[in-house]
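So that the names make sense, note that chain A is the first sequence line, chain B the second, and so on, each numbered from 1.
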Amino acid sequence: MSITDGASKPTASGSPDDELPTTYSAADVESALYARWQAAGTNTADPSRVNRLGGAREPYTIVMPPPNVTAILHVGHGLNNSVQDVLIRWRRMAGDEALWVPGTDHAGIATQNVVEKQLAAEGTSRNALGREAFVARTEQFVETTGGEILQQLKAIGASADWTRTGYTLSAPLSAAVTEAFVRLFEEGLVYRGHRVIHWCPRCMTSLSDEEAEFNDTQGALYHIRYVVDGDPAASITVATTRPETMLGDVAVAVSPSDDRYAGFVGKQLILPISGVRIPVIADDYTDAAFGTGAVKITPAHDANDFEVGKRHHLDAPVVIDAEARMNGSGDSVDRVPPELRGVDRFEARERIVQMLRERGALVKIVAHAHSVRHCYRCETVVEPRLSDQWFVKMAPLAQPALEAVRTGRIRILPERWEAVYINWLEGIRDWNISRQLWWGHRVPVYYCDACGAAPTASRTPITQCAACGTATRQDEDVLDTWFSSWLWPISTLGWPNESSDDLKAFYPGDVLVTAPEILFFWVSRMIMSGLHFMGDVPYHTVYLHGTVRDMQHRKMSKSLGNGIDPMDVVHRYGADSLRWTMIAGMGLGVDVLLDPQDLEKSFAPGRNFLTKLWNIGRFLLTKVGSDPVERLDRIAPLSLTSADHWILGRLTVAIRECDAALGPVRPGANGRWSDAERSAGMRLDAYADAARRFVWNELADWYLEAVKPRLIAGGEDADVARAVLVHAFDNALRLLQPIIPFLTETLWARLPLRLDGTIRESEFLANAAWPAGIATHPDGEP
RNA sequence: GGGCGAAUAGCUCAGUUGGUUAGAGCACCUGUCUUACACACAGGGGGUCGGGGGUUCGAGCCCCUCUUCGCCCACCA
C-alpha cells in the first residue's frame with residue numbers, strides 16, 4: 001500500500017500490508033492531502049459559529065496581504081504566508097472560528113507596466129490601442145494568467161478560505177472603493193489640489209510620497225552666477241543639483257538674516273541663457289549655511305520652491321514636460337530656447353552646463369552626495385511636477401490611528417516599529433490618490449464642461465449634468481492601487497454592506513502579518529480606514545517579519561538572480577520542509593538568511609526533522625501495533641513507570657512552552673494590551689524549537705529507547721507503555737500540525753484507535769483539538 | 001541631518017525582567033549499519049559574548065564611548 005492510499009483512507013485496522021514506507025515522500029502526499037482538506041472544507045469559516053452572531057466560538061481573522069495578481073510565488077511570500085498559516089492553524093485547533101481571507105491585488109502601475117511591455121514587444125502601445133481596448137486586454141491577461149500565485153500558496157499548504165478569495169478590482173471590492181471615495185469626498189476629506197507632486201515620466205503618472213523612494217546618489221552641486229540687472233559687477237551665485245530647472249526660475253531666495261545678501265533683496269537678477277529678470281527675495285526657507293546661501297526658486301519643478309513661490313505670489317512657469325523633456329507651455333514657451341526644446345532633462349543638463357560655462361556663468365561644480373527620488377515600480381528618477389490631483393486629507397484620519405497604538409488597542413511587533421509608526425503619523429502629509437493610468441478604479445467624479453457646475457462624486461455613473469442637462473465627463477484618472485488595498489480588511493468581508501454576516505462575525509480581525517516595508521503604504525492606512533469607516537481597528541496585532549536574504553545579506557531579487565524558488569523547494573524537500581525552515585529559523589522581526597547556491601544546506605535541517613518524525617511514526621505503528629490502546633486517564637497512576645511519568649511531564653512542559661511562545665491570543669477584556677502582554681508571544685521559532693526538542697530529544701532519544709523492552713516483554717505493562725506512547729505522539733503531532741501540516745496529518749491518520757474510539761475526535765488533525773497539559777503530571781522531572 | 005537595529009562557537013542564530021561550568025542547528029573530530037531513523041545514534045573539540053570605560057557582591061544582559069555593518073525617516077537647494 002502506498003502512502004497516498006493510506007492517507008486517503010485513514011484506517012487503524014492494521015492489515016499486515018499496512019506498513020509505512022521506509023522513507024517519506026512529500027510529493028506523494030501533499031497535493032492529494034490538500035485536495036482532501038479542500039473537499040472537507042477544513043479551511044472554510046462559518047460566521048454562524050461565531051459568538052458575535054450567537055455561536056459558541058471566538059473568531060480569529062487574518063487577512064492575507066494580497067499579492068499582485070501577476071506575481072508568482074517567491075520566497076518572501078513563502079515566509080509571509082507560512083507565518084499566517086501557522087497562526088491560523090493553531091487557532092483553528094484551539095477552537096476559534098479561524099478565517100484567513102486570501103486574494104490578489106490588481107496592482108495598478110505594476111500590471112499596466114507588464115501589459116505595456118507585452119504590447120511593446122508586439123510593436124504596438126497602449127495609446128495605439130486606446131483606453132477601452134487596453135483595459136480589456138489587461139483584464140484578459142489577468143484572467144488567463146493572473147492568480148497563479150494562489151495555486152502556489154496551496155502547494156505550500158496555506159489553509160486560507162478560498163471560498164472568500166478577494167480581488168481588488170472585482171465588482172464588490174470596486175463598489176467599496178467608490179463608496180469610500182464618495183464618503184470622503186462628501187466629508188471634505190477628499191479634495192482636488194494644485195501643487196507639485198512626484199511624477200514618473202516613464203509610467204506617465206503621479207505618485208504618492210511613499211511611492212517615490214529615496215536612493216542615495218552621487219551628484220553634483222552646480223554653482224551658477226546670476227548677475228544683477230543694471231550692475232554687471234554685482235552678482236549672486238546660486239547652488240543647485242538640477243541646473244536644467246534654471247529655465248523655470250522666478251526668483252532667488254536668501255535668508256532674511258544673511259548679511260551677505262541684505263543689500264540684494266528686492267533687486268532684479270538676469271537669468272543666464274534666457275535673459276529673464278527675476279527678483280531676489282528673503283525667505284526663511286533658505287539655509288544660509290548651505291551651498292552659497294542663495295537658492296534659485298523654481299515653483300513648477302520643486303515642491304519646496306512651489307511653497308516659497310506661493311508665499312511671494314510668484315508665477316510657476318513650466319519648463320519640463322510630462323515626458324521629462326525641456327518644453328515650456330503657455331506663457332512659459334519662450335523660457336526654453338529653441339535649441340533645447342524637446343531635449344531630455346539629463347541631456348539638457350549637460351548642454352545647459354556647457355552654455356553656462358561658455359557665458360562665464362558657471363562658477364564651479366562640486367561633488368555632492370544626496371538622495372534622489374525614484375519611481376518604486378520602474379526606478380526612473382521622479383520629476384517634481386505641477387499638476388492637479390486628488391488628495392486625501394490625512395490628519396483627521398491619522399489621529400485615531402495614532403491613538404489606537406498609543407492606548408494599546410493595537411500592538412506592533414517587534415515593538416520598536418511602534419515608534420516609527422507614531423513618528424510617521426505625527427508628520428503625515430496628504431495622500432495623492434489619483435494616477436494618470438488606465439488600469440485601476442476610475443475616479444468617480446463627474447464634470448459638466450457646459451455649465452461649469454461643481455464636480456460631483458457619485459456612487460453611480462452620472463451621464464447628464466443635474467444643472468443643465470448636458471452630457472457629463474468622468475474624471476480620466478484612476479485611483480492609487482493602495483486606495484483599494486487600504487479597504488481590504490473591510491471590503492473582503494462585505495463592506496459597505498454593514499449587515500453582512502462576515503463583517504459582523506469577523507470584523508474587527510486579529511493579526512496582520514507583513515514586512516515592515518509596507519507599514520506606511522498599507523498597514524497604517526488600513527488602520528485609518530478601519531477606524532474611519534467601521535469605527536474599529538482592523539486588527540489588534542501587527543506582526544512585522546524580516547526579509548529573506550542570501551548569505552551576503554542581499555535581498556533576494558529577480559535582477560540579482562539570488563532568489564530561491566519556493567516551488568523548487570517544495571518539489572525537492574516538500575512544503576513541510578520549506579515551512580519548517582522558515583518558521584524555525586526566524587526570530588521575531590529578524591531577517592532569514594538562506595543560501596540560494598546550496599538548497600541542501602538551507603533545507604536539510606527541516607528535511608531531517610521530518611524524516612525523524614516519520615521514523616518515530618514507523619516505529620510506533622510497527623511496535624505498538626494497530627490494536628486499540630487504553631485511554632490515559634483510565635490507567636491507574638500506580639501502573640505508570642517513572643519513565644511514563646517523566647515523558648508525560650515533559651509533554652506538559654512542552655505544551656506550556658509552546659503556548660508561552662505563541663503568547664496571548666488577543667488583548668484583555670477592555671480591548672487593550674497591557675504593558676506585559678504587549679511584547680509577549682508570537683515567537684514562532686521558540687514554539688517550533690520547544691516542539692522539536694520534545695519530539696526528538698525526549699520522546700525519541702529517551703522514552704522510545706526506554707520503552708522498547710517493555711513492548712517486547714508484552715503483558716499489562718506493555719499496554720501501559722503503548723497507551724503512553726500513543727498519547728505522547730498524538731500530542732506531539734497536534735503541537736506540530738500548524739508548522740508541518742502534511743506530515744503530521746499523514747501520521748495522525750494512522751494512529752491506533754483508543755479502546756473507546758475517542759482518539760480521533762475529528763476526521764482531520766487540522767480540525768482536531770490543540771493539546772492541553774495534564775494536570776496530574778505538572779513538572780517534567782522523572 | 002534625525003532615529004532605529006545588529007555585532008555571541010567556522011557558518012546561521014537563541015539567550016524573557018543582570019545570578020550557578022554561555023546554548024541550538026549546520027560544519028568539524030572519534031566511534032557505531034544497536035532489528036524506527038547513517039537525513040541516524042553515542043561521545044567530543046571549539047566562544048577574552050565587536051573594542052574601551054563604568055555601575056554592581058555579580059553583566060552577554062544595565063550606563064557611557066568608540067568601531068563596523070544594515071534599516072527607516074527627512075523641504076541634502
Side-chain angles (χ1 to χ4, degrees), chain A residues 19-20 22-24 196 209-210 213-214 216-217 219 221-224 238-243 245-246 249 252-253 284-287 290-298 302-308 368-372 384 414-421 423-424 427 429 516-517 519-520 546-547 549 551 553-555 573 577 581 584-595 598 600-624 660-661 663 676 679-681 683 685-686 688-689 692-693 696-697 700-701 704-705 708 712:
Chain A
E19 237 172 65
L20 294 175
T22 49
T23 54
Y24 172 65
V196 172
D209 293 343
E210 291 70 35
E213 296 180 330
F214 281 108
D216 288 339
T217 307
L221 209 46
Y222 300 83
H223 292 242
I224 308 169
V238 298
T240 179
T241 54
R242 306 188 57 214
T245 62
M246 65 157 293
D249 287 0
V252 166
D284 282 331
Y285 166 65
T286 303
D287 173 3
F290 186 88
T292 61
V295 192
K296 57 191 262 333
I297 299 299
T298 322
D302 184 287
N304 300 306
D305 291 7
F306 182 74
E307 295 304 317
V308 174
H368 180 64
H370 60 146
S371 281
V372 177
E415 262 184 306
R416 63 188 135 91
W417 286 102
E418 287 184 1
V420 177
Y421 171 92
N423 182 275
W424 184 73
R429 296 158 63 179
E517 290 101 272
L519 183 59
F520 306 138
T547 307
R549 298 176 184 277
M551 301 316 280
H553 297 225
R554 298 175 307 180
K555 203 167 170 172
Y573 305 103
S577 292
T581 303
M586 180 196 55
L588 179 64
V590 178
D591 290 342
V592 181
L593 270 66
L594 296 173
D595 190 348
D598 192 349
E600 173 69 18
K601 188 184 168 199
S602 297
F603 295 95
R607 189 264 326 269
N608 293 355
F609 177 54
L610 295 179
T611 304
K612 187 72 187 179
L613 200 59
W614 179 253
N615 280 305
I616 296 170
R618 285 178 58 218
F619 170 85
L620 222 100
L621 293 168
T622 36
K623 299 298 181 210
V624 168
S679 62
R683 266 61 172 188
D685 55 335
D689 196 48
R692 195 205 91 254
R693 262 200 326 271
W696 199 321
N697 302 37
D701 290 349
L704 233 53
E705 296 303 325
K708 279 177 180 174
I712 292 165

Undergrad: Under 3.5 Å for both donor-acceptor distances, Watson-Crick or wobble: does B:G1 have a partner, and if so which one?
TA: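 For B:G1, the partner nucleotide comes out as B:C73, under the 3.5 Å rule.
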
Undergrad: For residues A:T298 and A:D249, is any side-chain donor paired with an opposing acceptor at under 3.5 Å?
TA: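 Yes, A:D249 and A:T298 have a side-chain donor paired with an acceptor closer than 3.5 Å.
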
Undergrad: In whole Å, measure the gap between the C1' atoms of B:C49 and B:C72 for me.
TA: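 Each nucleotide's C1' atom is 28 Å from the other's.
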
Undergrad: Across all strands shown, which nucleotide pairs with B:A27 by Watson-Crick or G-U wobble geometry, both distances under 3.5 Å?
TA: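 Paired with B:A27, as far as the under-3.5 Å criterion goes, is no nucleotide at all.
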
Undergrad: If B:A6 has a Watson-Crick or G-U wobble mate with both distances under 3.5 Å, name it; if not, just say none.
TA: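 Pair assignment: B:A6 / B:U68.
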
Undergrad: When the P atoms of B:U67 and B:C29 are compared, how many Å lie between them, rounded to an integer?
TA: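 These two P atoms come out 41 Å apart once rounded.
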
Undergrad: Between B:C76, B:C26, B:C73, which one does the side chain of A:N423 approach most closely?
TA: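 Looking only at heavy atoms from C-beta outward on A:N423, the closest nucleotide is B:C73.
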
Undergrad: Counting the atoms with a prime plus P, OP1 and OP2 as sugar-phosphate, which does A:A369 contact under 4.0 Å by heavy atoms, base, sugar-phosphate, or nothing?
TA: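 It contacts base atoms.
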
Undergrad: Determine which nucleotide pairs with B:G60, using a 3.5 Å limit on both distances of a Watson-Crick or G-U wobble pair.
TA: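 In the structure as shown, B:G60 has no Watson-Crick or wobble partner.
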
Undergrad: Hey, can you tell me if A:Y24 and A:W614 have their rings parallel, tilted or perpendicular (30° and 60° cut-offs)?
TA: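 Ring orientation of A:Y24 relative to A:W614: tilted.
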
Undergrad: Taking atom P in both B:G18 and B:G58, compute the distance separating them and give it to the nearest angstrom.
TA: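 Roughly 15 Å separates the two P atoms.
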
Undergrad: Do A:K708 and A:F619 touch side chain to side chain, with heavy atoms closer than 4.5 Å?
TA: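 A side-chain contact under 4.5 Å exists here.
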
Undergrad: For the side chain of A:R692, starting at C-beta, report the closest nucleotide among B:G25, B:C76, B:C75.
TA: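 The closest nucleotide is B:G25.
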
Undergrad: Can any side-chain N or O of A:T286 pair as donor or acceptor with the backbone N or O of A:A294 at less than 3.5 Å?
TA: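 Checked: no pair found.
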
Undergrad: Please determine, for B:A40, whether a Watson-Crick or G-U wobble partner exists with both distances under 3.5 Å, and give it or none.
TA: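 Matched B:A40 with B:U32 under the 3.5 Å cut-off.
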
Undergrad: For B:G70, take OP1 and OP2 only and decide whether either is under 4.0 Å from a side-chain N or O of A:R549.
TA: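 Looking at the OP1 and OP2 atoms of B:G70, neither is under 4.0 Å from any side-chain N or O of A:R549.
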
Undergrad: What string of B, S and - do you get for nucleotides 32-39 of chain B, 5' to 3', when a contact is any protein heavy atom under 4.0 Å?
TA: ----BB-B

Undergrad: Listed by chain and number, what are the side-chain hydrogen bond (donor to acceptor under 3.5 Å, both in side chains) partners of A:R683, not counting sequence neighbours?
TA: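 A:R683: no side-chain hydrogen bond (donor to acceptor under 3.5 Å, both in side chains) contacts found.
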
Undergrad: With rounding to the closest Å, how many angstrom separate the P atoms on B:U17 and B:G60?
TA: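 Rounded to whole Å, the distance is 14 Å.
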
Undergrad: Using the P atom as the point on both nucleotides, what is the distance between B:G31 and B:A22, in whole Å?
TA: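 29 Å, rounded to whole Å.
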
Undergrad: For nucleotides 1-9 of chain B, give me one character per nucleotide, 5' to 3': B if any protein heavy atom sits under 4.0 Å from the base, S if the only such contacts are to the sugar-phosphate, - if neither.
TA: ---SS----

Undergrad: Of the nucleotides B:U12, B:C76, B:C72, which has the atom closest to the A:S371 side chain?
TA: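 Between B:U12, B:C76, B:C72, the one nearest the side chain of A:S371 would be B:C76.
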
Undergrad: Would you indicate which nucleotide in B:C75, B:U12, B:C26 comes nearest to any side-chain atom of A:H553?
TA: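 For the A:H553 side chain, the nearest candidate turns out to be B:U12.
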
Undergrad: Picking from B:C26, B:C41, B:C13, which would you name as closest to the side chain of A:V590?
TA: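 Taking heavy atoms from C-beta onward, the closest nucleotide is B:C13.
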
